[in-house]
Protein chains: 4
Amino acid sequence: MARTAGSHGPTTFEAIRQEGLRLIYEHGYEAMSLRQLAAEVGIQVGSLYNHIRNKQDFLFELMRAHHDGLLGAWEEASRAAERDAEDPVARMKAFVAFHIAYHIDRRRDVYVANFELRSLEPGNYAAIVEMRRRYEREVIGIVERGVARGVFAVSDPQAASYGILAMLTGVCTWFHPEGRLGTAEITELYTGMVLKSLAAPG
Amino acid sequence: MARTAGSHGPTTFEAIRQEGLRLIYEHGYEAMSLRQLAAEVGIQVGSLYNHIRNKQDFLFELMRAHHDGLLGAWEEASRAAERDAEDPVARMKAFVAFHIAYHIDRRRDVYVANFELRSLEPGNYAAIVEMRRRYEREVIGIVERGVARGVFAVSDPQAASYGILAMLTGVCTWFHPEGRLGTAEITELYTGMVLKSLAAPG
Amino acid sequence: MARTAGSHGPTTFEAIRQEGLRLIYEHGYEAMSLRQLAAEVGIQVGSLYNHIRNKQDFLFELMRAHHDGLLGAWEEASRAAERDAEDPVARMKAFVAFHIAYHIDRRRDVYVANFELRSLEPGNYAAIVEMRRRYEREVIGIVERGVARGVFAVSDPQAASYGILAMLTGVCTWFHPEGRLGTAEITELYTGMVLKSLAAPG
Amino acid sequence: MARTAGSHGPTTFEAIRQEGLRLIYEHGYEAMSLRQLAAEVGIQVGSLYNHIRNKQDFLFELMRAHHDGLLGAWEEASRAAERDAEDPVARMKAFVAFHIAYHIDRRRDVYVANFELRSLEPGNYAAIVEMRRRYEREVIGIVERGVARGVFAVSDPQAASYGILAMLTGVCTWFHPEGRLGTAEITELYTGMVLKSLAAPG
DNA sequence: AATGAATGAGAATTCATTCAT
DNA sequence: CATGAATGAATTCTCATTCAT
């Protein structure tokens, strides 16, 4: 919603960030025009350039910030459960719970960060993909350790991890706050499915 | 001056379809310009309009055709395995194999059909979503029957199905023809994971 | 209205002429596209060129034909009343009646012929303007003779004639077949006004 | 690169208005391209949109402004001659003088406002026609009062008024500043003709 | 004659970006 | 820090016209 006039300071940037996120989420990066964004924020197009370098850089910043936050949050969550470090099942449980909770709360960021990769210029693309890879490595690591210990049984930990991530992240696509299922129910369901899907027989 | 170069006759549309699919896959619908498309096909921009009604309609046709083909192919595949109709495990196996095979062969169509939904105008959007829903209903139906018969155990067949579909469709994102894993390996891995994830204990 | 298919022969041209006239009348020459015209006639654009040389020439032909008909019809009407040749009042009466009748019956032709002059290329423009001038000369001639004989009194026969012509031709703008006034009433009213407006005192 | 040449500030719109008027007058609304207009003004095409909403709206504004000015000017002129309010002959004299003077000075506006009606979209069309009707009502009112008082004698005041207006407005079509007749002569001639054409016998 | 597919130019409009004020 | 006006390139789409079939 537009602010009446002359919004200023750090607030303005935050408004731009939020409206931008929403617009990209709803229409896509290419389809969002800076005029639209400026109008939403309640300033003139030219004024945007006091807060962003340019459109591409704005997108990159959104994505970088998201992945930064994601990696940081997981690091923290994972350190908090340090004593589980050696138990792949416990770690996977923690990961599923973390991933779903974090993603459901930031559905728009997630959508943008995952589906606007192709709108990034090569340099920016590489940087974001690298961050994403680091996050994926976390899951793959858990699966690999599980396999090594004989508690998990999958022929290809990497492909298995991709599948799990797709399943979990997909929640952002269909989750609805007023829907039948809340975060708790979804987490329980998916935790069960993920663990079963990886489980070694016996 | 009339036609001196470029594509010809009914072939032209097929060329447009293929190049269009590729360009949308690579850059996104909004980012693909008809100039680009025409150039790839080797005709003038204006000539495109002898074959498509407009850009939006072109996208819609691509997506409609994809879902049409998908539904038809599954119907056929599912009819071919008629004697499994009563066995949810067998049916799910068949579905996973079908879905992966069909999708891996049409990665670009799939990508476009799934990720350009937001580029559709409301009417077209509704039509495509409805087709997608019909396909999803197939999986949900299998899961529900499995649960009813006690061979599957999940608290919410619909959410479980969404997860499975996300996992399977996600293959399109990372599959590479020259990659480590072929269709057979992926199918085996994911069939196992899916069936285990649904399985009732015991 | 479109004819079903393959309309042919001299009929086709007549259909083009009529639909063209209507479209130009309603939307203007520039605003009428040949695609529209072809669709209205029920043929493809390309086929138009079997009947017209090009768009500009088509307009010119419409206008030339109209003025041709107009001059011919007046010549005939004026010859029919040969014995009035010497009486300016009688001649003007005849002219008003003729002009209104002829124009009301061909409102669209008139509109096009008068208001699309600026759409003509220089050469065509000159030709049409010349035809129009010949027609105007007829009125001016009547007024001049009337002034010479003392039955009319206006300071400038040419300007007076332009005024009379504007008044009479203007009928095409507001006349409606189902309107309050019919051709007879209008003719009577305007004949009276024209003769009074020119009349010498006494 | 930002502004390096061309027009500036609030002056720019006035330049657009004038060049636009001229171009529409000379070539017609449909035939005038915004490229042309921008070139005449000395700015880029895109810059036009800092001053107009779109082409159609620009035309509408021109016409609205004209009719606004016309109605306002007549109101004032008619108020100035208040003591004549009761004398239809004096009022008609005043009207003819006003109409000719105002129109001769604004030939282009008049032409555009009267002959581009068909280029207006329905809503805009209705608005302009309504303004025109208000102006016409003024003349019709004078004629009606004259008839009521027995100084004018015409069978249909409305049709008579349309005729008078066509005659007077037609001046814009043939008037030339360097021509044989000046505003004064034309006004005298047409005032005489109009009053005679309406006059009751005796 | 009619068709359908082509051309190349041009239409209105929108875009990201710049910059003097 | 915001504005308003500018740029120049790009957008989708339409146009009159041509011509092999």
Side-chain angles (χ1 to χ4, degrees), chain A residues 5-9 12-13 30 32-38 42-56 58, chain B residues 1-13 30-38 42-56 58, chain C residues 5-9 12-13 30-38 41-56 58, chain D residues 1-13 30-38 42-56 58:
Chain A
S7 78
H8 50 195
T12 304
F13 177 71
E30 294 280 354
M32 173 195 74
S33 87
L34 294 188
R35 279 167 153 72
Q36 233 182 319
L37 176 51
I43 58 177
Q44 295 300 116
V45 193
S47 309
L48 279 179
Y49 286 81
N50 289 319
H51 304 278
I52 70 174
R53 197 142 51 195
N54 54 49
K55 196 185 174 189
Q56 168 71 205
F58 177 58
Chain B
M1 218 64 25
R3 165 165 35 113
T4 56
S7 209
H8 214 21
T11 335
T12 307
F13 177 71
E30 293 281 353
M32 172 194 75
S33 86
L34 295 185
R35 267 150 133 89
Q36 239 182 314
L37 176 52
I43 58 176
Q44 295 299 117
V45 189
S47 306
L48 281 177
Y49 287 82
N50 289 320
H51 305 278
I52 69 174
R53 200 146 42 197
N54 52 50
K55 198 186 174 188
Q56 166 74 202
F58 177 57
Chain C
S7 78
H8 50 195
T12 304
F13 177 71
E30 293 281 352
M32 172 194 74
S33 88
L34 293 186
R35 279 166 154 72
Q36 234 182 320
L37 176 53
V41 173
I43 57 177
Q44 295 301 115
V45 193
S47 309
L48 278 180
Y49 285 81
N50 289 320
H51 304 278
I52 70 174
R53 197 142 50 193
N54 54 48
K55 197 185 174 189
Q56 168 72 204
F58 177 57
Chain D
M1 219 63 29
R3 165 164 34 111
T4 55
S7 210
H8 214 20
T11 334
T12 307
F13 177 70
E30 294 281 353
M32 172 194 75
S33 87
L34 295 186
R35 271 149 132 88
Q36 240 181 313
L37 175 52
I43 58 176
Q44 295 300 115
V45 189
S47 306
L48 280 179
Y49 286 82
N50 288 321
H51 305 277
I52 69 174
R53 199 143 48 197
N54 52 50
K55 197 186 173 188
Q56 166 73 203
F58 177 57

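Naming convention: chains lettered A, B, ... in sequence-line order (proteins, then strands); numbering from 1 in each chain.
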What's the shortest heavy-atom distance between [X] and [Y], and which atoms?
{"X": "Lys55(D)", "Y": "Glu30(D)", "answer": "NZ-O, 3.7 Å"}
{"X": "Gln36(D)", "Y": "Met32(D)", "answer": "OE1-CA, 3.7 Å"}
{"X": "Val45(B)", "Y": "Arg35(B)", "answer": "CG2-CA, 4.0 Å"}
{"X": "Asn54(B)", "Y": "Tyr49(B)", "answer": "CA-CE2, 4.0 Å"}

Quick one: [X] [atom1] to [N] [atom2], roughly how many Å, whole number?
{"X": "Leu48(A)", "N": "dT3(F)", "atom1": "CG", "atom2": "C1'", "result": "12 Å"}
{"X": "Phe13(A)", "N": "dA2(F)", "atom1": "CZ", "atom2": "C1'", "result": "17 Å"}
{"X": "Gln56(C)", "N": "dA16(F)", "atom1": "CD", "atom2": "P", "result": "12 Å"}
{"X": "Asn50(B)", "N": "dA16(F)", "atom1": "CG", "atom2": "C1'", "result": "13 Å"}
{"X": "Arg53(B)", "N": "dT14(F)", "atom1": "CZ", "atom2": "C1'", "result": "16 Å"}
{"X": "Lys55(D)", "N": "dT13(E)", "atom1": "NZ", "atom2": "P", "result": "8 Å"}
{"X": "Tyr49(D)", "N": "dA10(F)", "atom1": "OH", "atom2": "P", "result": "18 Å"}
{"X": "Gln36(D)", "N": "dG10(E)", "atom1": "CD", "atom2": "C1'", "result": "12 Å"}

Side-chain-base donor-acceptor pair under 3.5 Å for Asn54(D) and dA12(E):
no

Counting only side-chain nitrogens and oxygens, does [X] get under 4.0 Å of the OP1 or OP2 atom of [N]?
{"X": "Thr12(A)", "N": "dC1(F)", "value": "no"}
{"X": "His51(D)", "N": "dG4(F)", "value": "no"}
{"X": "Ser47(B)", "N": "dA5(E)", "value": "no"}
{"X": "Arg35(A)", "N": "dT14(E)", "value": "no"}

If you assign each of Ser33(C) and Val45(A) to its closest nucleotide in DNA chain F, which residue comes earlier from the 5' end?
Val45(A)

Walking DNA chain E from its 5' end, the first of Ile52(A) and Glu30(D) to be reached, judged by nearest nucleotide, is Glu30(D)

Identify, between Gly46(B) and Gln44(C), the residue whose nearest nucleotide on DNA chain E lies closer to the 5' end.
Gln44(C)

Say you draw a straight line from [atom1] of [X] to [atom2] of [Y]; how long is it, rounded to the nearest 0.5 Å?
{"X": "Leu48(D)", "Y": "Phe58(D)", "atom1": "CG", "atom2": "CZ", "value": "8.0 Å"}
{"X": "Ile52(B)", "Y": "Phe13(B)", "atom1": "CD1", "atom2": "CZ", "value": "8.5 Å"}
{"X": "Asn50(A)", "Y": "Ile43(A)", "atom1": "CG", "atom2": "CD1", "value": "8.0 Å"}

Dot-bracket for DNA chain E: what is it, with Watson-Crick or G-U pairs under 3.5 Å, [ ] where a pair crosses earlier ones, and | for a pair to another strand?
.||||||||||||||||||||

Among dT7(E), dA16(F), dT7(F), find the nucleotide with the atom closest to the side chain of Leu34(C).
dA16(F)

